[in-house]
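Okay, structure first, notes after.
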There are 2 protein chains.
Amino acid sequence: MTPLSRTLGTASRTAGIGALPAAARDARPLSTPAKASSSANADDRSRWGRPPRVLIVEDEQAIAELIRYNLSKNGYSCEVVGEGDEALLAVEEQVPDLIILDWMLPEVSGIEICRRLRARAETRSVPIIMVTARGEEADMLRGFKEGADDYVRKPFSLNELNARVDAALRRTRVTHQAHLLEVGDLVLDAEALTVSRGGQRLHLAPTEFRLLHALMTSPGRVLSRDSLLSQVWGLDSDVEARTVDVHVRRLRKALNSQGGAGEVLPDYIRTVRGAGYSIEQP
Amino acid sequence: MTPLSRTLGTASRTAGIGALPAAARDARPLSTPAKASSSANADDRSRWGRPPRVLIVEDEQAIAELIRYNLSKNGYSCEVVGEGDEALLAVEEQVPDLIILDWMLPEVSGIEICRRLRARAETRSVPIIMVTARGEEADMLRGFKEGADDYVRKPFSLNELNARVDAALRRTRVTHQAHLLEVGDLVLDAEALTVSRGGQRLHLAPTEFRLLHALMTSPGRVLSRDSLLSQVWGLDSDVEARTVDVHVRRLRKALNSQGGAGEVLPDYIRTVRGAGYSIEQP
DNA sequence: AACGGTTGTAACACAACTGTAACAAAACTA
DNA sequence: TAGTTTTGTTACAGTTGTGTTACAACCGTT
């Protein structure tokens with residue numbers, strides 16, 4: 001009944017620019033294009049909604065501290081324990097997003113911890129990065145065999161460790177944040193903020209663009225209206241779920257009506273009744 | 001960039017990872033099967049239903065051959081290409097389960113390939129292991145940033161490579177296959193919410209889909225109408241038991257009447273008089 | 001102040017889906 | 001074989017979910 005009588009909480013909405021306006025200035029939380037920055041910091045924060053939690057299991061204080069400092073600097077939340085038992089307790093209390101595990105521990109061996117973690121359902125899929133003294137290949141193989149995800153030799157480069165931590169965390173969230181997304185002949189460039197189909201440039205309104213971006217980030221997967229609302233409109237928006245439908249309609253129109261002619265192309269967006277929408281090759 | 005460390009004999013590997021619960025925030029009651037497993041190779045075969053396919057992108061013939069030999073010996077199916085273009089073509093033709101990518105390629109650089117692969121929806125989640133000459137740390141960081149999953153320095157140990165290949169595939173299995181249910185040539189994807197028989201996509205109504213999902217969760221097992229009612233309609237529904245029959249009928253129709261023709265395929269759903277229904281290969 | 005592009009909502013139309021009842025056809029029992 | 005129980009099949013009316021359109025508010029620009 002009441003047409004937009006409410007005040008927009010944030011005045012941060014950008015509208016019409018000529019060519020392809022978009023979310024550039026519009027600091028929408030979840031539509032951030034991939035940044036060329038080195039560590040995944042801001043990126044990971046937005047993906048988890050909180051700094052990823054890393055558990056460091058390392059008995060040599062100096063090294064532990066080094067790792068902790070380094071990761072903290074990159075926006076991770078770290079906890080350090082020096083012994084295997086403590087590690088298991090810490091995990092019991094709160095399951096971390098990633099574990100950095102020294103192989104040579106005083107009491108319970110790294111391998112034992114690894115095995116225990118893999119045995120439990122809650123921790124089965126938590127990535128484990130082993131750290132061990134130089135080239136003990138047998139150890140390394142053993143570690144992989146027990147279900148470790150990655151392996152770093154001491155002495156290691158902090159950059160390398162960072163990179164591996166980022167990679168491991170990225171994997172748990174399957175999507176790699178690339179700035180080019182392709183599905184069939186649909187190409188979305190999250191950096192240039194452009195979309196084209198079959199080489200032909202399309203014009204999308206900002207919301208349409210973010211919607212398409214959300215869909216193309218996980219192609220084939222069905223996204224519910226709620227999920228899209230939080231991705232496209234932000235977690236704290238009071239927009240009706242049906243609004244998504246209208247924007248899907250607009251997006252479809254923009255994608256499928258090539259040129260100005262009345263011709264209609266096959267549809268990329270699939271409606272899944274009772275569930276939501278997904279994008280896939282028609 | 002020649003030397004490799006010697007080939008250690010053993011091919012013994014184990015992997016003890018099960019599936020992790022798939023979060024389906026959209027649909028109604030869904031549950032995921034969890035299987036236990038032990039041996040990696042036999043396991044990999046059974047998970048994929050075929051030997052995992054590995055694409056090796058490496059211009060130095062000797063090294064390529066060495067890797068190929070080694071992986072083949074361990075039950076992987078390998079394809080070798082020497083250039084970036086070829087790699088992209090090969091992937092176009094058939095998406096491999098894993099890619100081993102040399103960083104230093106003659107024409108198109110490894111990084112470029114990596115980027116291209118990450119852009120395309122079909123290859124976005126294929127794990128990539130980079131291989132590069134001695135500690136070019138900058139390269140490594142770059143690689144991870146572009147979405148590589150792992151990194152191996154030349155000269156590398158074949159055992160290490162094997163271990164990393166296994167670990168990467170194990171991860172794919174965990175994250176990727178968790179939401180796939182298969183019975184015969186029937187495949188249900190709980191994430192994409194799709195069902196196909198013999199590769200042919202089928203259309204199911206929501207209730208039919210949930211019903212099939214319930215049946216496929218425990219193939220071969222007979223589920224009573226009550227049990228199906230609670231799984232599909234929820235524990236607190238006041239739906240007649242006979243309604244199940246009607247939906248089974250609809251589901252059968254959808255599954256067995258391929259295409260639009262009048263032809264009828266063998267039936268996957270078995271009626272057990274006095275007990276209920278079960279799904280199994282016809 | 002007017003304007004063109006954009007956005008969220010409401011309202012209606014339409015197609016798809018759902019549960020039930022009723023009858024037909026098996027399957028079992030005696 | 002006749003009688004009984006269980007399942008298959010069909011039709012239908014009510015319900016729900018989506019597509020579509022129109023519209024007023026909004027924003028930045030002119």
Side-chain angles (χ1 to χ4, degrees), chain A residues 1-26 28 31 202-212 222-226 228-229 232-234 237-257 264 267 269-278, chain B residues 26-28 193 202-212 222-226 228-229 232-234 237-257 264 267 269-278:
Chain A
M1 293 293 176
T2 18
L4 270 189
S5 48
R6 77 197 153 83
T7 26
L8 285 173
T10 57
S12 65
R13 190 156 315 189
T14 331
I17 312 172
L20 218 190
R25 282 173 275 178
D26 196 351
R28 285 305 187 167
S31 63
L202 304 177
H203 172 81
L204 298 187
T207 306
E208 287 156 35
F209 184 88
R210 286 196 300 270
L211 179 58
L212 181 61
V222 178
L223 301 178
S224 68
R225 291 177 176 71
D226 281 343
L228 288 170
L229 275 180
V232 176
W233 280 265
S237 77
D238 51 351
V239 177
E240 300 283 328
R242 282 307 306 280
T243 302
V244 175
D245 296 20
V246 178
H247 281 275
V248 165
R249 145 91 170 142
R250 288 170 181 156
L251 179 55
R252 274 182 169 141
K253 202 157 156 188
L255 294 181
N256 301 334
S257 62
V264 208
D267 197 355
I269 301 178
R270 177 173 64 113
T271 304
V272 182
R273 198 185 162 92
Y277 299 94
S278 82
Chain B
D26 301 328
R28 296 238 202 120
L193 301 181
L202 305 177
H203 177 79
L204 299 187
T207 307
E208 287 155 36
F209 184 88
R210 287 197 300 272
L211 179 58
L212 180 62
V222 179
L223 300 177
S224 69
R225 290 178 176 71
D226 281 343
L228 287 171
L229 274 181
V232 176
W233 279 265
S237 77
D238 50 352
V239 177
E240 302 282 329
R242 284 308 307 282
T243 303
V244 175
D245 297 22
V246 177
H247 280 276
V248 166
R249 145 87 172 146
R250 287 170 181 155
L251 179 55
R252 275 181 169 143
K253 199 157 155 189
L255 294 181
N256 301 334
S257 63
V264 203
D267 196 356
I269 302 177
R270 181 171 62 109
T271 304
V272 181
R273 193 184 164 90
Y277 299 95
S278 82

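Proteins get letters first, then strands, A, B, ... in listed order; numbering begins at 1 in each. As the structure is a prediction and not an experimental result, all values here were calculated from the model.
Here the P atom of nucleotide D:dA22 and the NE2 atom of A:His247 are 17 Å apart, to the nearest Å. Here C:dG8 presents its P atom at 8 Å from CZ of A:Arg210, a figure rounded to the nearest Å. What separates CZ of A:Arg270 from P of D:dT18 is a distance of 13 Å, to the nearest Å. The interatomic distance linking A:Leu211 (CG) with C:dT6 (P) rounds to 15 Å, in whole Å. Taking atom CG of B:Asp245 as the reference point, atom P of C:dA22 lies 16 Å away to the nearest angstrom. Distance CH2 (B:Trp233) to P (C:dT20): 10 Å, rounded to an integer number of Å. Atom pair B:Lys253:NZ and C:dC17:P shows a separation of 13 Å (rounding to whole Å applied). Taking atom CD1 on A:Ile269 and atom C1' on D:dT20, their separation rounds to 15 Å, with Å as the unit.
For D:dG8, one of the phosphate oxygens OP1 or OP2 lies less than 4.0 angstrom from a side-chain nitrogen or oxygen of B:Tyr277. Between B:Arg252 and the phosphate of D:dT9, there is no side-chain N or O to OP1/OP2 separation shorter than 4.0 Å. A sub-4.0 Å separation between OP1 or OP2 of C:dC17 and a side-chain N or O of B:His203 is present. For D:dG17, neither phosphate oxygen OP1 nor OP2 lies less than 4.0 angstrom from any side-chain nitrogen or oxygen of A:Thr271. At D:dT6, none of the side-chain N or O atoms of B:Arg225 fall inside 4.0 Å of OP1 or OP2 (strictly under the cut-off).
With sequence neighbours left out, B:Asp226 forms a salt bridge (charged side-chain N to carboxylate O under 4.0 Å, His left out) with no residue at all. By the salt bridge (charged side-chain N to carboxylate O under 4.0 Å, His left out) test, B:Arg252 pairs with B:Asp267, sequence neighbours left out. Partners of A:Arg273 according to the side-chain hydrogen bond (donor to acceptor under 3.5 Å, both in side chains) rule, which considers only residues two or more places apart in sequence or in another chain, do not exist here. The salt bridge (charged side-chain N to carboxylate O under 4.0 Å, His left out) check on A:Arg249 picks up nothing, with sequence neighbours excluded. Partners of A:Ser278 by side-chain hydrogen bond (donor to acceptor under 3.5 Å, both in side chains), not counting sequence neighbours, listed by chain and number: A:Arg270.
Between C:dT9, C:dT18, D:dT21, one nucleotide has an atom nearer to the side chain of A:Arg249 than all others, and that is D:dT21. Nearest to the side-chain atoms of A:Thr207 among the listed nucleotides D:dT7, C:dG19, C:dG8 stands C:dG8.
Rounded to the nearest 0.5 angstrom, A:Leu212 CG and A:Thr207 OG1 are separated by 12.5 Å.
Contact annotation: side chain of A:Arg242 to base of D:dG19, donor-acceptor pair present below 3.5 Å.
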Polar atom pairs between nucleotides 11-16 of chain D and protein, under 3.5 Å, N or O only, would you list them?
unit_1: D:dT16; atom_1: O2; unit_2: A:Arg273; atom_2: NH2; d: 3.0

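Counting any heavy atom pair closer than 4.0 Å across all strands shown, B:Val272 reaches sugar-phosphate atoms only and no base atom.
Without hydrogens or angle criteria, A:Ser257 side chain to A:Lys253 main chain gives a donor-acceptor distance under 3.5 Å.
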